[in-house]
**Q** 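Dropping a structure here in structure tokens format, bear with me for questions.
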Amino acid sequence: MLKELWEQAEERLAQTMPASTQVWLKNTHFESESDDTITLSFASSYYRDAFKRHCLDQSLNVLEDLTDKDIKINLVISSAPQVNANIEEKKITHLSEKKKAVNETLNKDYTFDNFIVGENNLFACNVAKVISTNPGISFNPCLIYGGVGLGKTHLIQAIGNYIYDHNPKMKVIYVTAETFTNELIQAISTKAGNAKFKNKYRTADVLLIDDIHFIADKESTQEEIFHTFNDLTERNKQIVFTCDRPLTELRGVNERLITRFRKGANVDLQPPQYETRMAIALKKCKDLNFKISQDVLEYICMNIKTNVRDLEGALTTLYSFSELVGREITKEIAAEHIKNFIPTEMIKNTEVTIDQIISQSASYFNVSTFDIRGKSRNKNVSLARHIAMYLSSVLTNLSLTEIGKYFDSKDHTTVSYAINKIKSIEESDESIRKATEAIREKLKK
Ligand code: ADP
Ligand code: MG
């Protein structure tokens with residue numbers, strides 16, 4: 001019932017909105033409804049925030065016009081990306097013509113050929129290639145870690161695809177830690193299920209587990225991974241896994257498992273430098289057949305520095321915009337879109353110093369600035385430190401390396417991890433949001 005109402009609203013909105021705003025409307029997906037609430041889902045926070053900014057008020061107004069009821073709109077991020085279905089479809093058919101589907105756990109788009117190598121990922125990529133050509137021999141197990149959107153899934157899948165293509169007899173299994181956990185929960189209810197589960201993973205020649213941080217505080221999963229791990233490595237079977245942070249920062253995981261993870265190779269992925277971002281952007285545009293001028297592309301890559309996923313998101317959006325309105329993307333249009341991409345709080349304020357940020361964060365959490373800068377692992381101190389790092393990246397012009405220098409032996413990886421962590425929980429965690437807001441408020445004064 002609300003679904004029909006929303007469809008009507010969409011139609012009306014499409015008639016009244018400028019084409020540039022319609023892009024955001026097109027990127028919504030009707031998820032579900034309850035009494036008086038319509039839930040719309042988005043492929044990423046980028047699309048959700050843009051919708052919120054450009055379409056939400058108008059949508060509510062239209063709904064109000066269409067019905068007497070007070071309808072609310074709830075915005076969520078979907079796990080299955082819906083964006084630009086047309087583009088994705090086009091891309092998929094195009095790809096499927098060229099390649100045959102092989103291993104169903106692997107995505108054929110994630111290959112070494114498609115992976116742009118820069119200083120930020122060179123070592124990780126080389127290790128991944130060595131593993132691919134000689135699975136189980138060196139770098140076993142291997143951990144690839146790095147922040148969100150930096151290419152962990154791409155790289156671990158590239159290993160899988162390479163091995164699968166070159167040794168089709170090898171059993172290559174890619175699984176996310178989340179799927180592994182869910183399968184385990186299903187399996188343990190019956191004896192047969194349990195045996196089947198064990199058999200599935202322990203007969204792998206190459207086991208690729210993505211996002212291992214998911215197993216924190218999940219004891220049965222850790223236990224199962226521990227035994228699978230021992231079983232496979234004893235027989236020189238290759239294991240690769242990814243994590244969104246270095247092992248030293250991984251909490252809630254059994255020490256004996258950490259010890260296993262620590263063996264072998266630990267390689268990290270860093271945010272790409274400008275030149276790498278440019279190379280990735282050029283490739284992405286080529287894949288999409290997106291004609292965009294060099295200086296506009298440079299402008300985009302200068303501004304979107306966070307990670308590859310954001311960069312791809314911006315390009316895909318600009319592409320769908322240009323397709324929709326049939327216009328070439330100018331710097332002004334790009335600037336307008338990028339403004340949506342970078343939260344206003346990211347607009348740098350050079351008047352705040354990192355010392356002030358550290359001092360205000362310390363005072364808010366009631367810890368000393370000495371502790372914040374130091375190595376204490378105390379929960380409160382760590383949180384204060386992470387928030388100070390995050391605010392430093394948001395409110396000053398300092399690079400991650402420069403920020404790291406204000407903290408004892410904190411290199412840019414740790415800083416990047418802290419920033420991503422706070423960024424990802426700021427919205428959902430009330431206490432974190434309160435803290436950042438209060439500290440910002442103090443800094444304003
Ligand atoms: P993560 O798993 O670390 O969050 P992903 O592997 O999902 O990140 O990468 C996000 C997107 O960026 C994917 O579409 C991926 O193909 C792309 N990507 C990341 N790194 C590179 C790279 N070096 N070259 C080309 N594409 C990349
Ligand atoms: Mg991933």
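Start at 1 and go down the list; that is how both ligands and their atoms are numbered.
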**Q** What atoms in ligand 1 come closer than 4.0 Å to a heavy atom of Val148?
**A** 4 (O)

**Q** Under 4.0 Å between a side-chain nitrogen and a carboxylate oxygen: does that hold for Glu224 and Arg202?
**A** yes

**Q** For atom 7 (O) of ligand 1, which of the options His154, Gln157, Arg309, Lys284 provides the nearest non-hydrogen atom?
**A** Arg309

**Q** Under 4.0 Å, heavy-atom basis, I'd like to know which part of Glu312 is in contact with ligand 1: side chain, backbone, both or neither.
**A** side chain

**Q** Check the angle between the aromatic planes of Trp6 and Phe51 and answer parallel, tilted or perpendicular using the 30° and 60° thresholds.
**A** perpendicular

**Q** Within the structure, does Ile116 bring an N/O atom to less than 3.5 angstrom of an N/O atom in ligand 1?
**A** yes

**Q** With a 4.0 Å cut-off, would you call Asp49 and Arg53 a salt bridge?
**A** no

**Q** For ring pair (Phe, Tyr, Trp, His ring centres under 6.0 Å), just list the numbers for Tyr417 and Tyr145, CA-CA rounded to whole Å, side-chain angles, deciding distance to a tenth of an Å, and then say yes or no.
**A** CA-CA 10 Å; Tyr417 162 68; Tyr145 67 92; 9.6 Å; no

**Q** Any atom of ligand 1 sitting under 4.0 Å from a heavy atom of Gly147?
**A** yes

**Q** Less than 4.0 angstrom from a charged side-chain N to a carboxylate O is my criterion; do Lys283 and Asp113 meet it?
**A** no

**Q** Are there more than 12 heavy atoms of other residues, nucleotides or ligands under 6.0 Å from atom CD of Glu328?
**A** no

**Q** Heavy-atom contacts with Asn121 under 4.0 Å: which atoms of ligand 1 show up? List them by number with element.
**A** 23 (N)

**Q** Which of the atoms in ligand 1, numbered in the order shown and given with their element, are less than 4.0 Å from a heavy-atom of Asn114?
**A** 24 (N), 25 (C)

**Q** Please state which part of Ile280 comes within less than 4.0 Å of ligand 1, counting heavy atoms only: side chain, backbone, both or neither.
**A** side chain

**Q** Any heavy atom of Gly149 closer to ligand 1 than 4.0 angstrom?
**A** yes

**Q** Checking only N/O/S atoms, does Thr176 have one that is under 2.8 Å from the Mg ion (ligand 2)?
**A** no

**Q** Taking NZ, NE, NH1 and NH2 as the nitrogens, is one of them in Glu430 or Arg433 under 4.0 Å from a carboxylate oxygen of the other?
**A** yes

